[in-house]
Novice: 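Next up is a structure, given as structure tokens.
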Amino acid sequence: MQHLRSSGFRRGNGVDEGPGGDGGRARRVLLFAFVVAGCSDARPAMTASEGASGGGTPGGISTAVRAGPWSDPGTWGGRLPGAGTMVRIPAGIEVGLDLSPPALGRVDVDGTLRFTPGERTFEATTILVGGALEVGTEQTPFVGSATIMLAGDTRSDPAHGMGDKVLGVHGTGRIDLHGTPRVAWVKLGDNAEAGTSRLRLSRAVDWRAGDRIVVTATGWDARESEEVTVAEVQGADVLLSTPLRFRHFGRLQTVAGVALDERAEVGLLSHNVHVTSRFGSDSLLGGHVIFTDDARVRVSDVEFSRLGQPGRLGRYSVHWHLMGEAPGTYVRRSSVHHGLQRGIIVHGTHRASVEENVVFDVRGHGVYVEDGSEQGTVIRGNLAALARKVRREHIIEGNADANRHDGRDARASNYWFATANSQVVGNVAAGSEHGFGFWYDLSTGNGHHPRNGQNSHVMGEFRANVAHSQSVDAGTALDYHPLEAGTALRFDGENFRGTFRDLHAWKNMNSAVWVQCAIDVPGLVSVGNRVGAINFCFHGRTATLRDAVVISDSENRPLPVTAREFFAPRGRAAQHAHHGTHQDRRNVPGSYPVVMPIEVAGVRAIGFP
């Protein structure tokens, strides 16, 4: 299996600085040798073959010679860059993009490229940022519309090592992409029946005619999440250009004195700053966005669409890659949709923030904390819906086993974690075709990159999250397989204990929680899950369910009501009894035999036979 690997050098001089360099801060590595060996330490000069854009003719190399607007020939020494031209902005030079240039080849930004307000399209085969790329700032979001288009049909691994059709930020490069601040997502304020063209939302929004939105599924089929276009907005009422195909539940409920919220989420996909792909003859070769080394990453209110390269390691939609300590880097209130390979990825990077984003209709996991070494990742307030199963021919080499490592792609989930030490608060997992809502897979990942900390599975925070409409599996999973002696990953699953606090799980085809580790689940609200509260736990570990409410059904009835079990379905006790201690909890109303030691305290079971 090919792995992303370190080239092990300090930028610029080829000297390995080691973990004690830079004032005690461990230096990260510039991962430009993803899949090919022998990559040069220094970024290579442009070559003529990198100038072709979408099959066009190479147009030479244009270098900015002074600061100024792009439209001024003097900025370029007398002649504007033409179609297919390779462009270089050297360090110390700032160019203002005040027009939409023709489609370019490779663009190196070692100085500053700043988009000025207006209607801008910037198309290139490769954009490498070692200086600064600025499309708006935190204080002054971009005014107008800006589209960054990654183009080309080449499937190669150029000498710079980041692949084709890439927007890559490396070294101490800075990327600031900031669209107009918008309401990222809300909930329905009333039911929306199939055939209607009107939505009543839970609050007024600042969306506009022409915006594309997603309305999430509220039954057991994740594929009932649907994309529609806004025709008009009247406060909290949104008129659609086409009617809904499915029913979406949208009312607050009270069942036996318990307040329930099974309302559909409605998320904004459109933003005025947009990073996307132009496809040629290869309809599966999307662009990809990657941040490496000491990059400074600030992204808000941006749309990322049709990105990723199926089956190619490290070629994801939006990707933090082996940055080590990266506090202050973030992607917020943005959308990642119709991705070809995974959504937002945090790999070998600590304290990055992924907040209030909408991730919809991607192949592979929606939000993905990859390696097992990551510490303190903030995953807060996001909406992830319709994670699609990866086709077998596009599963990354060596990852075809659905029960191991990237076989997880065959069970793509809304959120996937190789480490438990993340802050996961207030997120919604709104359905996957064949996976979980939140999947902690603690026996996978590499977890041994020497520059990015050892694998650690101290439980971080998992609180106030929602998981619903998983078509096959459970709302959440805490998964652990004992590993063979000599395995690089050292996860002490025997002594680990997780906590899922205040989880609301409803209309999942399996259970609310599926576990193979010891776990506490305080404050669970489980409604209408096919297998009830907790499915079996292997290896004889214990689970604690306390101060919870488990409800058989509610007003949200997308299918005819059928009997559901409280803990585990009949028949599985005998099938899996050898994995744990078989106990019969018939003192709990509506329960059936459980294939694990489980402690139950303060649990209300409503509507079970």
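Just so we're clear, the structure is a prediction, and the values are computed from it rather than from any experiment. These numbers come from the heavy atoms of this one structure, side chains and all, not from hydrogens, waters or symmetry mates.
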Novice: For the pair H365 (side chain) and S413 (backbone), establish whether a donor and an acceptor sit closer than 3.5 Å, ignoring hydrogens and angles.
Specialist: yes
Novice: Checking the side chain of T196 only, and the main-chain atoms of R198 only, is there a donor and an acceptor separated by less than 3.5 Å?
Specialist: yes
Novice: Side chains of R388 and D361: closer than 4.5 Å at any heavy-atom pair?
Specialist: yes
Novice: Any donor and acceptor pair, going by atom type alone, linking the side chain of K507 with main-chain N or O of N556 inside 3.5 Å?
Specialist: yes
Novice: Kindly indicate whether the side chain of S277, heavy atoms from C-beta on, has any atom under 4.5 Å from the side chain of L307.
Specialist: yes
Novice: Within this structure, what is the CD-CD distance for the pair Q253 and E262, rounded to the nearest 0.5 Å?
Specialist: 5.0 Å
Novice: Any salt bridge between R333 and D301, counting N to O under 4.0 Å?
Specialist: yes
Novice: Is there a donor-acceptor pair closer than 3.5 Å between any side-chain N or O of Q341 and the backbone N or O of Q309?
Specialist: yes
Novice: State, without any angle test, whether E265 and T216 hold a side-chain donor-acceptor pair at a distance under 3.5 Å.
Specialist: yes
Novice: State, to 0.1 Å, how close L150 and K165 come at their nearest heavy-atom pair, and which atoms those are.
Specialist: O-CE, 3.3 Å
Novice: Say you draw a straight line from OG of S317 to CZ of R306; how long is it, rounded to the nearest 0.5 Å?
Specialist: 12.0 Å
Novice: After noting the C-alpha distance and the side-chain angles of W207 and L201, does the key distance pass the side-chain contact (heavy atoms from CB on, under 4.5 Å) rule?
Specialist: CA-CA 12 Å; W207 304 343; L201 304 180; 3.9 Å; yes
Novice: Do side-chain atoms of S202 reach the backbone of K187 as a donor and acceptor pair under 3.5 angstrom?
Specialist: yes
Novice: Taking N272 for its side chain and G144 for its backbone only, find out whether a donor-acceptor pair lies under 3.5 Å.
Specialist: yes
Novice: Is R120 positioned over the aromatic face of F115, cation under 6.0 angstrom from the ring centre and no more than 45 degrees off axis?
Specialist: no
Novice: To the nearest 0.5 Å, how far apart are CG in L524 and NE2 in H504?
Specialist: 9.0 Å
Novice: Verify whether one side chain among S335 and E303 offers a donor that lies under 3.5 Å from an acceptor in the other.
Specialist: no
Novice: Under 3.5 Å, is there a donor-acceptor pair linking the side chains of H337 and E227?
Specialist: no
Novice: Anything under 30° is parallel, anything over 60° is perpendicular, the rest tilted; go ahead and classify F438 against Y415.
Specialist: parallel
Novice: Which of these, R263, E226, E224, sits in a side-chain hydrogen bond (donor to acceptor under 3.5 Å, both in side chains) with H248?
Specialist: E226
Novice: Going by atom types only, do T137 and H178 share a side-chain donor-acceptor pair under 3.5 Å?
Specialist: no
Novice: Quick check: closest heavy atoms across G475 and A467, and the distance to 0.1 Å?
Specialist: O-CB, 3.4 Å
Novice: Taking only Lys NZ, Arg NE, NH1 and NH2, and the carboxylate oxygens of Asp or Glu, determine whether E123 and R278 approach each other closer than 4.0 Å.
Specialist: yes
Novice: Please state whether the rings of Y440 and F417 are parallel, tilted or perpendicular, taking 30° and 60° as the class boundaries.
Specialist: parallel
Novice: I need the minimum non-hydrogen distance between I379 and N382, along with the two atoms involved.
Specialist: CG2-ND2, 3.6 Å
Novice: Mind telling me whether F360 and H338 have parallel, tilted or perpendicular rings, with 30° and 60° as the class edges?
Specialist: perpendicular
Novice: Counting C-beta onward and ignoring hydrogens, is there a side-chain heavy-atom pair between V275 and V318 closer than 4.5 Å?
Specialist: no
Novice: Judged by atom type as modelled, is there a donor-acceptor pair below 3.5 Å linking the side chain of S270 to the main-chain atoms of R212?
Specialist: yes
Novice: Is it true that S334 and H271 share a donor-acceptor pair across their side chains at a distance under 3.5 Å?
Specialist: no
Novice: Quick one about N414 and Q470 (side-chain donor to acceptor, distance below 3.5 Å, no hydrogens or angles considered), yes or no?
Specialist: yes
Novice: Quiz question: by atom type and distance under 3.5 Å, do the side chains of D98 and S71 form a donor-acceptor pair?
Specialist: yes
Novice: What closest approach, in Å, do V255 and I551 show between heavy atoms, and which atom pair accounts for it?
Specialist: CG1-CG2, 4.1 Å
Novice: Do N357 side-chain atoms and V331 backbone N/O form a donor-acceptor pair below 3.5 Å?
Specialist: yes
Novice: Let's go through V358 and L269 carefully: what are the C-alpha distance in whole Å and the side-chain angles of both, what is the deciding distance for side-chain contact (heavy atoms from CB on, under 4.5 Å) to 0.1 Å, and is it a yes or a no?
Specialist: CA-CA 7 Å; V358 175; L269 302 178; 4.0 Å; yes
Novice: Can any side-chain N or O of E94 pair as donor or acceptor with the backbone N or O of R114 at less than 3.5 Å?
Specialist: no
Novice: Measuring only between side-chain heavy atoms, which start at C-beta, is N465 closer than 4.5 Å to R380?
Specialist: no
Novice: Nearest heavy-atom pair of L128 and M162: which atoms, and what distance?
Specialist: CD2-CE, 3.1 Å
Novice: Counting neighbours of CZ on R351 that are heavy atoms of other residues, nucleotides or ligands and sit closer than 6.0 Å, is the number greater than 12?
Specialist: yes
Novice: So do the side chains of E374 and H347 get within less than 4.5 Å of each other, counting heavy atoms only?
Specialist: yes
Novice: Is the side chain of D502 donor-acceptor paired with the backbone N or O of R463 at a distance under 3.5 Å, no angle test?
Specialist: no
Novice: So that I know where these two stand, are F122 and W70 an aromatic pair - ring centroids less than 6.0 Å apart?
Specialist: yes
